[in-house]
Protein chains: 2
Amino acid sequence: MTLDADRLEADAPAPAPESQRARMGRAPVTTHGELSHLALGLFLERGFDKTTVDDIVRAAGIGRRTFFRYFASKNDLPWGDFDRLLDEMRAHLAAMPDDIPLMDALREAVVDFNRFPDEELTFHRERMWLLLNVPSLVAHSTLRYASWRQVIAEYVARRLGVGIDSLTPQAIAWSCLGLCLAAYEQWLAHDDADLLELLDASFRRLAAAYSSAA
Amino acid sequence: MTLDADRLEADAPAPAPESQRARMGRAPVTTHGELSHLALGLFLERGFDKTTVDDIVRAAGIGRRTFFRYFASKNDLPWGDFDRLLDEMRAHLAAMPDDIPLMDALREAVVDFNRFPDEELTFHRERMWLLLNVPSLVAHSTLRYASWRQVIAEYVARRLGVGIDSLTPQAIAWSCLGLCLAAYEQWLAHDDADLLELLDASFRRLAAAYSSAA
DNA sequence: GATACTAATGACACCGAGTGCCGATTGGAA
DNA sequence: TTCCAATCGGCACTCGGTGTCATTAGTATC
């Protein structure tokens, strides 16, 4: 669930050389990341709902129609290149040894996945604050989480030797998502909180609830 | 998560006597439930996105502006009187003895909560199919689920003697929601499936995953 | 340098959801 | 009959999002 722009969108301020610049046709006027950054700033400044798409395109100096070629919707702006992140998590899980208990593997993968440099912390926090507090974004996020869940379900299905669409992998994936979101909520609610500890705790608390006779 | 119109919206076809009819001012031309039923029919027939609000108000014979006084958004149409349902679940949980293990109590409450007459099964299935398959509704549902989660969190917080906003109740509530949704997805995907068994299984599978050393 | 090709841009018109405003209805109560 | 209260519904407007299409700006070829 780590969503840091600088880690995700390799492209910085400038229109960017984009790896090897050797394409044909007109060059893009901006980048995904640049727009995302710009919009995020406006959202935090004026609020998400009070910032119109027209405000954004005016600030970016691009046409309204062009904007919707970079992002499918205004709701997608706070998300970075999420798909790339998912690939990373998939690889991370695939690299884990099969002899550790399933839920431990998931917990460790999720925790480790959310480890990121201190300097990105503030930015990440702002981004996640929006995603978890603006109703429109909260709702939209669900659609993005679906692919996140699939990565978990994929791994669980392989470990258990069952179909990815069967109950157990899906139930565990859903539950993991919930545990992460609960941890994120706590993290956002408490300035001094440590995200990694919260994620770890979230998984362990549920385990405790299941095993406890209380 | 049971959402049956006939169980929820006491009002049937007619404008309804509405408990004690003794209000002042002009009488309402329709009801929440009537509109919900009508719209649900159109959604299943033509699809959610291809059914405009104008289609609905035309079919209902009311003004467009009036529609938005009954429902805050088109997305709210498939939901019944959800708040009343939540009250029922809250009461159900409150009535459970405190000596049964926490997760067992939650599982039983959730399962029992989704018990409903066979004749409502088809209707409930259609309704839930929309809520879990139409992207716009999937996204919007998240906002409704928040209050469902709070009911769970409330109970867990009381049982554990901690604050409702602290990590454990919220994590468990999130997880429960996930387990329910996973069960619902299976139920919708398999014609012959039994919802109650799936809900029960969903909870037990996660428990197994936590305790298993595999 | 001229030409062809390609890909991105942005203007315009249009649609549908949702809102603010306000006068018009319709019921019960005085 | 008059007054009041609550609902109705029309209208205009905002905003997100889409389809269409001519334009622009790069690369490659001759």
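A quick note: this is a predicted structure, and the numbers were derived from the prediction, not measured. Order of the sequence lines sets the chain letters (A, B, ...), proteins ahead of strands, with each chain counted from 1.
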Can you check the [X] [atom1] to [N] [atom2] distance for me, whole Å?
{"X": "B/Asp55", "N": "C/dC15", "atom1": "CG", "atom2": "C1'", "value": "13 Å"}
{"X": "B/Phe67", "N": "C/dT19", "atom1": "CZ", "atom2": "P", "value": "11 Å"}
{"X": "B/Asp76", "N": "C/dA17", "atom1": "CG", "atom2": "C1'", "value": "13 Å"}
{"X": "A/Asn75", "N": "D/dC15", "atom1": "CG", "atom2": "P", "value": "16 Å"}
{"X": "B/Arg69", "N": "D/dG9", "atom1": "CZ", "atom2": "C1'", "value": "7 Å"}
{"X": "A/Arg26", "N": "C/dT6", "atom1": "CZ", "atom2": "C1'", "value": "12 Å"}
{"X": "B/Lys50", "N": "C/dA17", "atom1": "NZ", "atom2": "P", "value": "14 Å"}
{"X": "B/Leu77", "N": "C/dA17", "atom1": "CG", "atom2": "C1'", "value": "12 Å"}

For a quick test of reading the model: is some side-chain N or O of A/Thr52 closer than 4.0 Å to OP1 or OP2 of D/dC15?
no
Considering only side-chain heavy atoms of [X], which listed nucleotide, [options], is closest?
{"X": "B/Arg65", "options": "C/dG10, D/dG10, D/dT7", "result": "D/dG10"}
{"X": "B/Arg64", "options": "D/dG26, D/dG16, C/dG18", "result": "C/dG18"}
{"X": "A/Tyr70", "options": "C/dG18, C/dA8, D/dT7", "result": "C/dA8"}
{"X": "A/Ser73", "options": "D/dG9, D/dA5, D/dG17", "result": "D/dG17"}
{"X": "B/Lys74", "options": "C/dG18, C/dC5, D/dC8", "result": "C/dG18"}
{"X": "A/Phe68", "options": "D/dG9, D/dG17, C/dG10", "result": "D/dG17"}

Does A/Ser136 reach a base, just sugar-phosphate, or nothing at all? Heavy atoms under 4.0 Å.
nothing
State which residue, out of B/Phe71, B/Trp79, B/Phe67, B/Tyr70, fulfils the ring-ring contact (aromatic ring centres under 6.0 Å, His included) condition with B/His32.
B/Phe71
Parallel, tilted or perpendicular for A/His124 and A/Trp187, by the 30°/60° rule?
tilted
Strictly distance-based, threshold 3.5 Å: is any side-chain N or O of A/Ser141 a donor or acceptor partner for the main-chain N or O of A/Leu137?
yes
Pick the closest DNA chain D nucleotide for B/Gly63 and for A/Val53 by heavy atoms, then say which residue is nearer the 5' end.
B/Gly63
Using a 4.5 Å cut-off on heavy atoms from C-beta on, say whether the side chain of A/Leu102 contacts that of A/Ile172.
yes
Ion pair A/Arg115/A/Asp112, N-O distance below 4.0 Å
yes
Nearest nucleotide by nearest heavy atom, which residue falls closer to the 5' end of DNA chain C, B/Asp54 or A/Ile62?
A/Ile62
